[in-house]
Number of protein chains: 2
Amino acid sequence: MELWYTEEHSKDVRFSIRVDKQLYSGNSEYQKIDVMTSNEFGTFLTLDSLMMLTEKDEFIYHDMIVHVPMATNPKIKKVLVIGGGDGGTVRELTRYDTIEHIDLVEIDKLVVEVCKEFLPQTACKLEDPRVTIHYKDGLRYVRAIENEYDLIIVDSTDPFGPGEGLFTKEFYGNCFKALKEDGILVNQHESPYYENYANSLRRAHERIVEFFPITRVYQAHIPTYPSGYWMFGFASKVYDPVKDLNAEAWNQLGIKTKYYNTNLHKGCFALPNYVKDLLENKNE
Amino acid sequence: MELWYTEEHSKDVRFSIRVDKQLYSGNSEYQKIDVMTSNEFGTFLTLDSLMMLTEKDEFIYHDMIVHVPMATNPKIKKVLVIGGGDGGTVRELTRYDTIEHIDLVEIDKLVVEVCKEFLPQTACKLEDPRVTIHYKDGLRYVRAIENEYDLIIVDSTDPFGPGEGLFTKEFYGNCFKALKEDGILVNQHESPYYENYANSLRRAHERIVEFFPITRVYQAHIPTYPSGYWMFGFASKVYDPVKDLNAEAWNQLGIKTKYYNTNLHKGCFALPNYVKDLLENKNE
């Protein structure tokens, strides 16, 4: 027997993974949750049939969403993670002794439970004493917060289904308000290659630019995401992620990473022309 | 009816493209040649059922294999291209008025003929008066050459089938000899992600390092290649591609590109740790 997981990266492009076994399949109040194992990628998680993470390459995403802001401002103490119920972002954050508190706001409790059972590689630090999990809607959660966080990480699904509200103007405005005066917002920012994803990226960027004086976009190669080419948004009230990088300070921490390093930190902000044009709306 | 082109990126991973029409299918003395059209990628060429290029994203590969060495040494006058029968590399080279002569050594005449008919987007400059096409084996061609080229670009297929000889120690040694004393060798360098490709990358790098005093590897995101993450090798007798980049001089040329720019030139040499470890043989 052959069992294949197939995802449509566009209506004309499919990416398929040979599956050893489906470990879990269930529906929460919000979405369909599946966990499968594969020879090539190890265990992987999909939500509403879209790839969220694989054991083989989740290090790329989690390195880039955490270490880029942390190396820009090593004084970050209080962090809000929105989404990210798999725990990978929290795991990387807990490697910094200087972080005092992490609020994880995940709408879907079942995602956390499933990841704790089947993906201990990412969920392993959710019990860290510095972590508080709130099973709430991130959009609503940030409405009530003011001047509280040094860093907000939006580790969301795509902008359809439960993740939709996390790509709105209202949400980004509330994130700005919830951040301290030197706060940083980092978000998963979709991809510039296939049209659907590129439109999401452009819209998210346009909205963030309205609130933050400093906005930059950076890239990583994530082979199991559509086109393998993924973006992150960096928005800040005062820090420039390239000029303010303190490479020496970060390297002295001795955090061992498989993807991130401080040279790549500088390099990942150098975008191809077609992506720059997309962000500046020149392609439309 | 649905018609899909499917490529195995590893034995457990498949990438599929919805095909509108198969425009050409034939066998040369060396390989199977196919041309298809698709809604997502336009016309695309496969050799022995492996993706060579698509109209949608060939600009990435050809920008990176040509403009990185040309911006490092703008005085390049005589160029040897090995492989590259589709003409994309030659097209980008002909945009430099300063280049006086280009030898294209392609083993398979049928590839050139098929590309001239079905892929004018890449083959459009093969008739440039500065270009001489030699239908020869690249491995043999370079044996006889000494101290002649400013730049050699190895625009080969993967290291199995007709491309195999272009990944050998003998070949790289002969390229060194065929280059002038400030010559540069650039080669398509496979990918670090799936095991088969990663092994090819590591072996090629080990061999090139034996001959050239300066060797660097740089990256690009090419969505239709396995994992979407592709590498190029830069080897040189004197030039360091980052330190010796003359960004101002290149930008003054006014060459409009969709991928390459001089910031990205510097950024693309900043590799993730797992790739650096692979190149330094630390993963084995």
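Using bins of under 30°, 30° to 60° and over 60° for the plane-to-plane angle, the ring pair A/Tyr274/B/Phe59 lands in the perpendicular bin.
When A/Glu195, A/Lys56, A/Glu2 are compared by the number of non-hydrogen pairs under 4.5 Å with chain B, A/Lys56 comes out ahead. For the set B/Arg18, B/Glu40, B/Arg14, B/Gln219, the count of heavy-atom pairs under 4.5 angstrom toward chain A peaks at B/Arg14. Comparing B/Ser16, B/Ser10, B/Gly228 by how many heavy-atom pairs each has under 4.5 Å with chain A, the most go to B/Ser16.
A distance of 12.5 Å separates CD1 of A/Ile17 from NE2 of B/His9, quoted to the nearest 0.5 Å.
Residues of residues 239-259 of chain B that come closer than 4.5 Å to chain A, counting heavy atoms only, are B/Thr257, B/Lys258, B/Tyr259, ordered by residue number. Listed by sequence position, B/Leu264, B/Gly267, B/Ala270, B/Leu271 are the residues of residues 264-271 of chain B in contact with chain A, using a 4.5 angstrom heavy-atom cutoff.
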Legend entry - A/Val13/B/Phe15 under side chain to side chain contact (heavy atoms under 4.5 Å, CB included): CA gap, chis, key distance, verdict: CA-CA 7 Å; A/Val13 179; B/Phe15 182 73; 3.5 Å; yes

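In this structure a side-chain-to-backbone donor-acceptor pair under 3.5 Å is present from A/Asn273 to B/Tyr260.
In this structure, the portions of A/Asp57 lying under 4.5 Å from any heavy atom of chain B include both its backbone and its side chain. Neither the backbone nor the side chain of A/Tyr5 has a heavy atom closer than 4.5 Å to any heavy atom of chain B. The contact between A/Tyr193 and chain B is made by backbone and side chain atoms together, counting heavy-atom distances below 4.5 Å.
Checked against the 6.0 Å centroid threshold, A/Tyr229 and B/Tyr229 do not count as a close aromatic pair.
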